[in-house]
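Right, one structure below, let's go through it.
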Amino acid sequence: MNAFEIRGGKTLHGSITPQGAKNEALQILCAALLTDQPVTLTNVPNIVDVNTLIEVLEDMGVRIERPQPNTVILQANNINPDYFVEKSFRKKSGKLRGAVMLAGPMLARFKKAHIPQPGGDKIGRRRLDTHILGFEKMGVNFHYDTDEYLFTLDGSAMRGGTILMEEPSVTGTANLLMAAVLAPGVTTIYNAACEPYVQQLCRMLNSMGAHITGISSNLLTIEGVDKLSGCEHRMLADMIEVGSFIGLAAMTQSDITIKNADVQHLGIIPDVFQRLGIQLNIQGDDIHVPAQDHYRIHKFIDGSILTIYDHPWPGFTPDLLSIILVVATQAKGTVLVHQKMFETRLFFVDKLIDMGAQIVLCDPHRAVVIGHDRQQPLRGLDMVSPDIRAGVALLIAALSAQGKSTIQNIQQIDRGYERIDERLNALGADIRRV
């Protein structure tokens, strides 16, 4: 079953709980390698990317237990450090960009690591310079095999160092953090990413016995320790799912309550959707999105057209720009969506145009959306999901459209969203796997 068949135009109603955070899970799972004691993780999303990484860890020798749904216990007390040169590792890791974060804990604990070229979405270049240059500042030597597309890292002389990151990379910060917690001496990481998921990683590492200060800022200081212990850790709600559900409610004129949304960790995400004119009622840790016949895009204070763009935290996450773009098609007003970080993430707008949306793709990074104010509903269409986030944006478009739509290549959506069809059907959607 490789496609969704969607019959749109239905109003949804009810409550939905976001899954655990995918991007946090990929970091936290790698951190389990830093100790030989059990690490218990809860609210772990049951999605393809996370399960692929768990398979990789199990192949390395990590003992895996799943005592109940969304709970994983890992114990890395019998690791094979040479697993990384095997073809099976490269085959699995090539599908998953999160595999790069295995390098930090492997360097910390075993003084050697391998990094393949990153996989995942085809949304633009994913450079490894931030990771490699940061490791070099800690005394790590590397060799790149041009035939195997594989970096080999030697951490036998690894020690604390001063790292000024050229970009606040989330995976780069996580990788360097995990290497530093067991490195002799003190490491400082400046221009570090400070996303909630990085904060969660820091808190987890500290609960294991690490000494990290500066959490939630862009200057992290890590004092290396000799050993870490096991711990228990719960994942945050996935902020991308929260934003997706807000957008879905607005597009389909639905009354939806998003339960247990970890609101304090959402940053400006609610504010950005409100600037599109979407009403939100925040009730403790829940977000109620009432049914709206119309929503009007705000303008800047000087009256100019609103621009929404991605930016490192606490700016707006790039993973939600696809949702913003789709939601704007049925708003009243105009917005410029500027995707700065990835070159091809807007290359799904041709499908929205074919569905009847008014969008001008200015260049690979910018699109102007002219909202219909529901005067011209989208039409059902056959299309293909190019990446995780565009796939869900197209799913939201199809749920609001008139007629039947088909989305191919839904394994891209399954990589990041747990049983999304079942959960939305429970609200009244009509989605079938075919």
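Along the sequence shown, residues carry numbers from 1.
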Any donor-acceptor pair under 3.5 Å linking the side-chain atoms of Glu418 with those of Gln19?
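No - no donor-acceptor pair under 3.5 Å links their side chains.
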
May I ask you to say whether [X] pairs ionically with [Y], meaning some side-chain N is under 4.0 Å from a carboxylate O?
X	Y	value
Arg345	Asp319	yes
Asp49	Lys22	yes
Asp421	Arg433	yes
Asp387	Arg415	no
Arg366	Asp363	yes

Should we count NZ of Lys111 as having more than 12 external heavy atoms under 6.0 Å?
yes

So for atom CD, which belongs to Glu232, do other residues, nucleotides or ligands contribute more than 12 heavy atoms lying within a distance under 6.0 Å?
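It does not: Glu232 CD has 12 such atoms or fewer within range.
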
Verdict with reasoning, Gln411 to Asn409, per side chain to side chain donor-acceptor pair (under 3.5 Å)
CA-CA 5 Å; Gln411 59 264 41; Asn409 196 30; 3.1 Å; yes

Looking at Cys202 and Leu177, what are the two nearest heavy atoms and their distance?
SG-CD1, 3.6 Å

Going through the checks in order, is the side chain to side chain donor-acceptor pair (under 3.5 Å) test met by Glu195 and His265?
CA-CA 9 Å; Glu195 267 81 353; His265 298 288; over 6 Å; no

Do Ile258 and Asp286 touch side chain to side chain, with heavy atoms closer than 4.5 Å?
no

Backbone N/O of Asp36 and side chain of Gln75: donor-acceptor pair under 3.5 Å:
yes

Go through it in stages, so that I can follow the logic: the residues are Arg374 and Tyr295, the test is side chain to side chain donor-acceptor pair (under 3.5 Å), and I'd like the CA-CA distance, side-chain angles, deciding distance and then a yes or no.
CA-CA 9 Å; Arg374 303 199 194 277; Tyr295 49 100; 4.7 Å; no

